Amino acid sequence: MTHAPRWVALGNIAIQALVLGAFLAAWEITAREKLINPFLLPALSDVVVRMAQDIASGVAIVDLSLTLYRALSGFAIAALIGIPLGVLMARSALFRWFFDPLISAGFPMPKIAFLPIFVLWFGLFDTSKIIMVAFSAVFPVVSAAYAGTQGVDKWPLWSARALGAKERELLWEIILPMALPQMITTVVTEMLMSGKGLGGTMINAGRFADSVGVFGGIVEIAIVGILVIRGVEILRRRLLVWHAEARVEG
Amino acid sequence: MPGALVRYVPILIVFGLWEAATRYGFVSKALVPDLANVGAAFWQLLASGELLFNAGHSLARAFVGLAAATAFGIVAGLLMATIRPVRLLINPLVQVFYPMPKSALIPVVMVWFGLGDMSKIVLIFLGCILPVVVSTYNGARGVDHVLVWSAASLGASRRAILTEIVLPAAMPEILNGIRTALAFSFILMVSSEFIMAKDGIGYLIATLGDGGAYAAMFACIFTVAGVGFGADRMFGLLIRRTLRWREQ
């Protein structure tokens, strides 16, 4: 089953693309024929036109770059703090003793609940949003770095010459996929606190009962989410051709 | 139990540092209320019934959404794993919707299902179903073929194979998927209640914060965090009990 002939794989891709096409067509037709109130479900074509306008006028670009800037800054902070901490936890018993319960208690907590505290401390602007993202992302980053370092340490003989490089790659390979979902927190913070960004613009559209704008926001966020995750997957496979897991999945 | 207590000593140390920092004025009490005040506020919220009322509402929403997502997700995942047309139909939708942040749907569920319970339940359902579907699918596809073949050669029906071989064999992955979904349900519950609600713990946090009652706000936030943590731990225990037969 894993070694299906090429044409079967291509056929599967074609069928799946067709399903998506049918899904989008069904959306357009139900909206065009007014089977559903257009306020509840605006036509796909209207949404696309609006998105094109927003891109042409630069509004969407500004929002997108703001959101990405916040998400990436938050993630960078989480990586800057989390990776050394995870590595230290794997190497030092004292660090492990102190931080292990904190990380394992913090990991399953709904971090978004802490947002009002960050607003109180850091105000309504970029800082609190970025810190919120960093706070959500730091837990998976630490535990991935911890697990990654331990995994490396378990095979001390395993090609010592490349250990330095491989260790770093291994970290990224585990950390990025684990922490990515947390970066989505950005959109939520923007929805809660407004101040532009994809989430802020979308919730504003919702407040003004502009359903075309809301759906445009959803489609934009979905596209960005898919692109980022696919991009990381490709990057992962490129960087880690040597790694067993990357090969099996391919 | 004492072992667990010793393990969580660092958490007590952090709380001790917090109390010391506020008591000796290292940080302003306006920004960080001291622990005693937070405790008092917690007790007051508890005594007035406000906390239980709102938390109960929130948990009921999370539970209904998560339960529905689990039921539908397991069925969909099993069907995807065993029936090819279903797989081809559902897989592209899962692929597209999985990376999409479900919180983006908050404005839409708000318009479609109103400001009451339904919109939150639908949102939690949508957020929780995908991890369950994906983990069930992966678990069911990873089932040892020998098990399936031997059951089939002994004359088991398709349905019996599905419910008595594939489902139990896929259980570890399914339970892990539900654990992920459990975390999502808390996040979606709180963030949707922040944005649109008339009650619920998220609403309570937002109103307390807006009113400047920071000690009470901290109390509610730590309640949510604690309940989320506790739910995850309990589910972890449940997983270990259910899967005891596997560990040999």
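Within every chain, numbering begins at 1; the chains are lettered A, B, ... in the order of the sequence lines, protein sequences first and strands thereafter. Fair warning: this is a prediction, and the values are worked out from it, not measured in the lab. The basis for the numbers below is simple: all heavy atoms, side chains too, and nothing from hydrogens, waters or symmetry mates.
The line from CD1 of A/Ile112 to CZ of B/Phe194 is 6.5 Å long, rounded to the nearest 0.5 Å. Separation of atoms CG (B/Leu105) and CZ (A/Phe215) is listed at 8.5 Å; rounding is to 0.5 Å. A distance of 10.5 Å separates CZ in B/Arg87 from CD1 in A/Ile15, rounded to the nearest 0.5 Å. Taken from CD1 in A/Ile117 to CD1 in B/Ile221, the straight-line distance is 3.5 Å, to the nearest 0.5 Å.
Contacts between B/Ile201 and chain A at a heavy-atom distance below 4.5 Å are absent for every atom of the residue.
Taking all atoms of both residues into account, the shortest heavy-atom contact from B/Leu88 to A/Val19 is O-CG2, 3.7 Å. Of all non-hydrogen atoms in B/Ile205 and A/Pro116, the two that sit nearest each other are CG2-CG, 3.5 Å.
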Inset, instruction - Begin with the C-alpha distance, continue with both residues' side-chain angles, and end with the deciding distance and a verdict on side-chain contact (heavy atoms from CB on, under 4.5 Å) for B/Ile11 and A/Leu102. - result: CA-CA 6 Å; B/Ile11 294 182; A/Leu102 293 176; 3.6 Å; yes
Inset, instruction - In sequence, state the C-alpha distance, the side-chain angles, and the governing distance for A/Ile218 and B/Val108, and then conclude on side-chain contact (heavy atoms from CB on, under 4.5 Å). - result: CA-CA 9 Å; A/Ile218 292 177; B/Val108 177; 2.9 Å; yes
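In summary, the aromatic rings of B/Phe218 and A/Phe114 are positioned with their centroids too far apart to meet the 6.0 Å limit.
Residue-level contacts of residues 92-100 of chain A with chain B, in order of numbering, are A/Trp97, A/Phe98, A/Asp100; threshold 4.5 Å between heavy atoms.
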What pairs of donor and acceptor atoms, side-chain ones from residues 227-236 of chain B against any protein atom, are under 3.5 angstrom apart with sequence neighbours left out?
| from | atom 1 | to | atom 2 | distance (Å) |
| --- | --- | --- | --- | --- |
| B/Asp232 | OD1 | B/Arg179 | NE | 3.0 |
| B/Asp232 | OD2 | B/Arg179 | NH2 | 3.2 |
| B/Arg233 | NH1 | B/Tyr8 | OH | 2.8 |
| B/Arg233 | NH2 | A/Ser104 | O | 3.1 |

